[in-house]
There are 2 protein chains.
Amino acid sequence: MATIKDVAERAGVSVSTVSIALKRDPRVKESTRQRILEAVQSLGYRPNGIARDLKMQQTQTMAVFLHDLGGPFYSELVSGVQDVALSHGYSPIVACSVGGKGVALERLLVENRVDGAIILDPYIEEDFIRQVAGPTLPLVLLDRDIEGSYVYRVTSDHEGGAFNVTMHLLEMGHRQIAFIGGPSVSVDGQLRFRGFTGAMKHFGVDLEKRFMILGDFTEQSGYAAAQTLLSQSPLPEAIFAGNDEMAIGVLRAFSERSIRVPEDIALVGFDDIRLTQHTTPALTTVHQPMYELGTVATQILFRALAGEETIAPVILETRVVIRASSGSRQ
Amino acid sequence: MATIKDVAERAGVSVSTVSIALKRDPRVKESTRQRILEAVQSLGYRPNGIARDLKMQQTQTMAVFLHDLGGPFYSELVSGVQDVALSHGYSPIVACSVGGKGVALERLLVENRVDGAIILDPYIEEDFIRQVAGPTLPLVLLDRDIEGSYVYRVTSDHEGGAFNVTMHLLEMGHRQIAFIGGPSVSVDGQLRFRGFTGAMKHFGVDLEKRFMILGDFTEQSGYAAAQTLLSQSPLPEAIFAGNDEMAIGVLRAFSERSIRVPEDIALVGFDDIRLTQHTTPALTTVHQPMYELGTVATQILFRALAGEETIAPVILETRVVIRASSGSRQ
DNA sequence: GTGAAAGCGCTAACAG
DNA sequence: CTGTTAGCGCTTTCAC
């Protein structure tokens with residue numbers, strides 16, 4: 001692999017001349033620049049980014065850590081990140097935070113291979129996050145409730161969204177409403193539950209314990225939760241699944257048993273993943289602005305990188321999307 | 001940020017001692033190692049990975065480039081990659097290859113910030129790939145047909161899968177079969193088309209030109225293709241959508257017009273994305289072994305990294321998955 | 001057992 | 001306009 005030194009020799013100039021010539025600095029005159037460019041060509045020279053990063057003490061790279069790359073709405077999040085990052089001349093890279101903390105997390109965050117990161121993963125330990133965050137490594141957390149210096153937060157209004165969609169069910173006349181929750185570590189799951197209970201209380205409806213089921217945000221767990229519900233009668237009048245994937249699992253369980261949604265039972269989800277438009281019936285859910293979440297988080301990251309130390313947490317609005325599954329006339 | 005030098009001073013030893021002590025080299029005696037560890041603690045020292053990469057001339061990092069991070073089966077691919085990479089002590093990072101070649105591609109591949117990469121993106125130019133590939137940067141291409149040194153290939157048997165699923169439709173008695181293709185640049189799309197025409201010819205059935213529609217692998221384009229088909233009568237007896245997302249678009253168009261699948265028209269897709277089990281009706285499709293694709297590609301990458309220069313292209317088997325949409329009794 | 005020194009490839013003053 | 005020099009933080013012979 002040819003280095004800048006090789007280019008310099010070949011072109012008969014010094015290393016520094018090559019360095020500045022390559023960034024079109026007007027200090028080197030056109031003729032030498034040409035010679036240098038030729039040398040670059042003939043040697044197939046490619047600058048070594050690592051050496052550059054070391055010298056510059058920054059990488060122009062930021063990471064996005066996702067617990068599970070397959071999440072159905074992550075791509076939107078990432079495109080929000082990407083759009084903002086690119087406009088700042090940064091490259092976002094995505095890494096999966098599972099697989100043993102010993103890996104990407106370690107390499108990229110602990111060993112400073114990126115300038116900053118956005119993290120969406122309920123499982124990464126709080127201590128770890130607070131430890132690695134620092135002036136040279138701001139961290140923007142999504143859906144986490146961790147305070148710390150150089151740790152910033154962005155989230156959607158899970159509680160409000162859950163409140164509103166529950167109100168929708170209540171207004172449709174349902175009272176016996178089951179809730180299928182997410183894993184207990186997930187702050188967003190908790191907030192959704194809080195929104196749910198808030199609306200129930202607001203309407204003066206008591207919660208029934210047997211209707212509160214814990215899932216883990218997977219389609220399978222939604223399916224299992226539906227089985228549980230089916231094993232005990234009577235069925236509730238409506239189900240609020242903590243996210244759309246679980247709602248889809250519920251739908252599958254019901255279709256196997258020929259239980260009609262929404263005629264026999266109403267169903268709502270959360271997230272508004274693309275799929276929800278294509279299920280039968282289409283799913284009433286709560287829309288999370290994933291793209292915007294990405295852009296906002298990234299903007300915060302750059303503000304932090306620019307030296308702003310304290311940035312207030314941001315909460316983005318959610319919106320109830322009414323479709324057929326909740327039994328609305330529309 | 002504390003450096004190894006700070007640690008050395010604090011512990012009253014030399015830099016090199018710290019360096020070797022930190023990798024538990026038995027040459028340094030336990031007592032000094034303890035002193036060093038304390039210094040590390042109190043200074044909050046974290047090794048600088050970039051300096052290390054520069055010195056070592058390798059990063060222990062590999063990239064996976066995806067055209068669109070949101071692809072519904074990429075997560076499986078990536079987990080295949082991850083499992084193998086981790087077992088080799090490598091960290092995979094995922095980057096989106098769009099957003100102007102000027103970005104992640106440039107940073108990571110051209111400027112040598114990774115040791116190798118796996119690429120699944122029909123749009124990255126052939127010349128670029130051949131240029132950046134080299135002994136220090138082997139590239140494994142998925143679903144591409146590019147030859148070059150240090151360029152390796154893995155693909156699924158698109159043609160065979162398409163042939164088989166078309167045979168399935170033909171055996172179900174359908175003759176008027178429409179095909180909705182992918183973008184012309186995509187080799188996998190072409191191979192699927194070839195499998196389709198192969199089966200038709202094998203059965204002695206003529207292709208009807210108006211039934212050959214070009215899509216771009218998105219749900220929307222499937223929807224649009226269905227509209228096109230609907231605008232001209234008679235309808236075909238069956239549709240082979242080049243991938244599942246387009247098949248889902250077709251389904252949506254049909255459900256809007258109350259056209260029943262499979263009673264009025266049979267439908268099959270390709271890929272076997274998770275969603276296909278949950279559509280109504282469930283979709284007959286061709287399963288691609290995405291996880292395996294990831295593991296195999298990564299294994300090849302490591303063989304290349306280990307010095308093997310020529311590795312034959314690998315073609316993984318696909319499998320027809322029969323569900324309700326093709327009108328099978330099952 | 002530990003330290004001194006060289007160097008990975010690049011950039012950025014500072015001279016000339 | 002171009003070259004010399006120092007140094008980013010780390011690893012690794014090679015001496016002692």
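Numbers restart at 1 for each chain; the letters A, B, ... are given by sequence-line order, proteins then strands. Predicted model, so just to flag it, every value in this text is computed and none were measured.
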- [ ] Just call it for B:T3: base, sugar-phosphate, or nothing, with non-hydrogen atoms closer than 4.0 Å on any strand.
- [x] sugar-phosphate

*Can we say A:E38 and A:R35 salt-bridge, meaning some charged N sits less than 4.0 Å from an Asp/Glu carboxylate O?*
no

In whole angstroms, the gap separating C1' of D:dG9 from NZ of B:K23 amounts to 12 Å

Smallest heavy-atom separation, B:V110 atom then B:V132 atom, equals CG2-CG1, 3.9 Å

What residues 27-43 of chain A contributes to the DNA chain D interface at heavy-atom separation below 4.0 Å is A:R27, A:V28, A:K29, A:T32

| field | Salt bridge flag under 4.0 Å for residues A:K5 and A:E9 | value | no

Between CD of A:E111 and C1' of D:dG9 the distance, given in whole Å, is 12 Å

Would you say B:T17 reaches C:dG3's phosphate, i.e. side-chain N/O to OP1/OP2 under 4.0 Å?
yes

Query raised in the report: Are B:T298 and B:T295 close enough that a side-chain donor and a side-chain acceptor fall under 3.5 Å?
Result: no

- Task: Please confirm whether the backbone N or O of B:T3 pairs with a side-chain atom of B:D6, one donor and one acceptor, at under 3.5 Å?
- Result: yes

Walking DNA chain D from its 5' end, the first of A:P26 and A:S16 to be reached, judged by nearest nucleotide, is A:P26

Note: contacts of residues 51-62 of chain B with DNA chain C (heavy atom, under 4.0 Å) are B:L54, B:K55, B:Q57

A:D53 vs B:R113, salt bridge (Lys or Arg N to Asp or Glu O under 4.0 Å): CA-CA, chis, key distance, verdict: CA-CA 10 Å; A:D53 291 345; B:R113 260 172 267 245; 2.5 Å; yes

As a check of understanding: the bend across the helix from C:dG1-D:dC16 to C:dG16-D:dC1, end axes from five pairs, rounded to 10 degrees, works out to 40°

message: Quick test of your reading of the model: are A:D25 and A:K23 salt-bridged, counting only N-O distances below 4.0 Å?
response: no

Atom CD1 of B:I20 and atom P of C:dG3 are separated, to the nearest Å, by 9 Å

message = Are A:F217 and A:D188 packed together at the side-chain level, in the sense that at least one heavy-atom pair is separated by less than 4.5 angstrom?
response = yes

For residues A:S16 and A:S19, is any side-chain donor paired with an opposing acceptor at under 3.5 Å?
no

note: A:R113, atom CZ; D:dG9, atom P; distance rounded to Å ~ 15 Å

